[in-house]
Amino acid sequence: MKECVLVTGGAGFIGSHTAVELVNAGYDVVIVDDLSNSDMNAVEGIRRITGADVPMEVVDCCDYHAMSEVFKKYNFNSIIHFAASKAVGESVVKPLLYYRNNITSLLNVLELMRDNGVDNLVFSSSCTVYGEPDVLPVTEQTPRKPANSPYGNTKQICEDILRDTIAAHPQIKGIALRYFNPIGAHPSALIGELPKGVPGNLVPFITQTAAGLREELSVFGDDYNTPDGSAVRDYIDVTDLAKAHVAAMARMTEGRSKSGYEIFNVGTGNGLSVLELVNKFQEVNNLKIKYKIVGRRAGDIEKIWADTSYANKELGWTAKVPIEETLRSAWAWEKNIRNIE
Ligand code: NAD
Ligand code: WQD
């Protein structure tokens, strides 16, 4: 019998791509999403790409009663918990929303796992837990720094909740994946990133500028201690990232975990500066976007990239998609949703 995976936040950017890879890998998938930051088009996209009639429950993970009905309706073997609010800037203005949504949803999932005998959880963590690292690249042993936003703090708190819950309930296994900077879209251009309002993240801002929705990109800072002065990040293709979830899931269900709670960095291991990324985007898509250099953005770090050797070895997973292809897919998706030829 096929294993059944609950994907919370499965209509979102990373969740939708992961749902596709799970179906491709032979899992049954059920999506729970309250559509607070997504819409049904993503679910339609998943169904079109996979040809599977993936069930979707419009439910808020913070609603314990509604979630318990979902657990009664299906027989889950595992859960991937993406559902969360994720805008760093908004979290500074609305900390209570972030603490309530991100923490309550995880607590509900864990209580329902405990009470329904569901044993495997993959949790969406973030490289934000490292803050500005003293040594690069960062390994999973690199100490976490105090969070510099309520959003970052929710990821640290959720990691700790997971660790403590698994220590007390050893039948539950968990893997926290610390994502670096996910970008790009599915090669079909049927699913991708769809931020509401003005994008806070770099690549959606670039694609929206190329599409004419934004006048000009602001590059935040050219006075960092980096080769060209702009900030450096580890940009990972969203399909590669999605596949890391499938590898993590299989590790737990096949009994290969080394301990109840494990943490993996999920990045490419390569650092790219903002200006390098902008130039590559223009080059591979054969277009120009208007940009200007402005001051640094408050709260930004200078540089970070991952040491991925632990994930490569233990998950048998490596990021494969070249950045050029990722930047082409990002633009193909933007063109598709804006009806640009
Ligand atoms: P996203 O906003 O596109 O997806 C999250 C989905 O969860 C959305 O569809 C939203 O409607 C849903 N959701 C939010 N709260 C919910 C709730 N209470 N109940 C049900 N559904 C709810 O974001 P994403 O980029 O796909 O991020 C997925 C996860 O990965 C999040 O936990 C995020 O914090 C984490 N993460 C994202 C990044 C990134 O740069 N995108 C980096 C590191 C970690
Ligand atoms: C990348 C670089 C900006 C927009 C955020 C979260 C982090 C994680 C990933 C969830 C930075 C620069 C951006 C623009 C720019 N998310 N930039 N002009 O800040 O590395 O990480 O997303 O866990 O927690 O903080 O990603 O895409 O916002 O920025 O110059 O209009 O692009 O300054 O150097 P970031 P980002």
Side-chain angles (χ1 to χ4, degrees), residues 7-18 31-40 42-43 57-63 66-67 70 80-89 91 97-98 100-102 104-106 108-109 123-131 147-149 151-152 154-155 158 176-183 191-196 198-206 208-209 214 216-222 224 226 230-236 238 241-242 245 266-267 272-275 277-278 291-304:
V7 179
T8 75
F13 174 43
I14 308 168
S16 58
H17 290 79
T18 302
I31 291 173
V32 163
D33 200 301
D34 66 356
L35 302 177
S36 54
N37 198 36
S38 52
D39 58 44
M40 279 306 287
V43 179
E57 303 284 345
V58 182
V59 165
D60 177 353
C61 295
C62 295
D63 181 342
M67 282 296 281
V70 173
I80 307 186
H81 182 52
F82 292 101
S85 304
K86 66 158 183 178
V88 175
S91 80
L97 185 151
Y98 276 68
R100 177 177 292 278
N101 197 35
N102 295 5
T104 310
S105 61
L106 177 67
N108 283 348
V109 165
F123 173 70
S124 298
S125 190
S126 167
C127 68
T128 192
V129 301
Y130 296 117
N148 59 4
S149 72
Y151 166 76
T154 68
K155 290 297 169 191
C158 285
L177 298 179
R178 290 177 176 163
Y179 316 153
F180 281 67
N181 287 55
I183 60 167
I191 51 173
E193 191 169 9
L194 194 55
K196 291 197 170 154
V198 181
N201 293 114
L202 179 60
V203 170
F205 203 103
I206 291 176
Q208 290 197 8
T209 307
R214 310 281 156 212
E216 170 174 49
L217 168 74
S218 293
V219 172
F220 298 137
D222 68 347
Y224 285 109
T226 59
S230 63
V232 169
R233 298 287 185 273
D234 184 339
Y235 295 94
I236 175 158
V238 67
L241 174 57
H245 293 80
V266 190
L272 204 67
S273 76
V274 175
L275 290 172
L277 187 126
V278 171
Y291 70 85
K292 63 172 182 227
I293 311 282
V294 301
R296 296 180 180 192
R297 183 171 69 178
D300 268 356
I301 61 162
E302 182 166 275
K303 49 185 177 235
I304 190 164

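Everything numeric here is computed off the predicted structure, so don't read it as measured data. Numbering of ligands and ligand atoms starts at 1, following listing order.
Looking only at protein heavy atoms, the nearest one to atom 2 (C) of ligand 2 is Y235 OH, 3.6 Å. Among all non-hydrogen protein atoms, the one lying nearest atom 14 (C) of ligand 2 is F220 CE1, 3.3 Å.
Of the candidates L217, T128, T226, L217 brings a heavy atom nearest to atom 31 (O) of ligand 2. For atom 29 (O) of ligand 2, the nearest non-hydrogen atom from the set R233, R297, K303 comes from R297. For atom 7 (C) of ligand 2, the nearest non-hydrogen atom from the set S126, S91, G152, P199 belongs to S126.
Under a 4.0 Å criterion applied to the non-hydrogen atoms of V88, ligand 2 contributes the atoms 6 (C), 25 (O). Close approach of ligand 2 to A231 is summarised as follows: ligand atoms under 4.0 Å from at least one heavy atom of the residue are 34 (O). Residue V219 approaches ligand 2 through these ligand atoms, each under 4.0 Å from one of its heavy atoms: 30 (O).
The side-chain contact (heavy atoms from CB on, under 4.5 Å) test applied to R100 returns T104, not counting sequence neighbours.
The closest approach between S125 and ligand 1 falls below 4.0 Å for a heavy atom of the residue. Ligand 1 is never approached by T8 to a heavy-atom distance shorter than 4.0 Å. Residue contacts with ligand 1: S36 is included, with a non-hydrogen atom under 4.0 Å away. Distances shorter than 4.0 angstrom occur between a heavy atom of D60 and an atom of ligand 1. Using a non-hydrogen distance threshold of 4.0 Å, V59 registers as a contact of ligand 1.
Of the heavy atoms in S218, only backbone atoms (N, CA, C, O) come closer than 4.0 Å to ligand 2. Residue-level proximity to ligand 1 for S105 is absent, since no heavy atom of it falls below 4.0 angstrom. Heavy atoms of V203 found under 4.0 angstrom from ligand 2: none, in either backbone or side chain. The residue I301 has no part lying near ligand 2, judged by heavy-atom distances below 4.0 Å. Under 4.0 angstrom from ligand 2, the non-hydrogen atoms of N201 come from both its backbone and its side chain. Residue contacts with ligand 1 for K155 involve side-chain atoms from C-beta outward but no N, CA, C or O (heavy atoms, distance under 4.0 Å). Proximity of S85 to ligand 1, defined as any heavy-atom pair under 4.0 Å, is not found for any part of the residue.
The two residues H245 and I80 have their closest heavy-atom pair at CD2-CG2, 3.8 Å.
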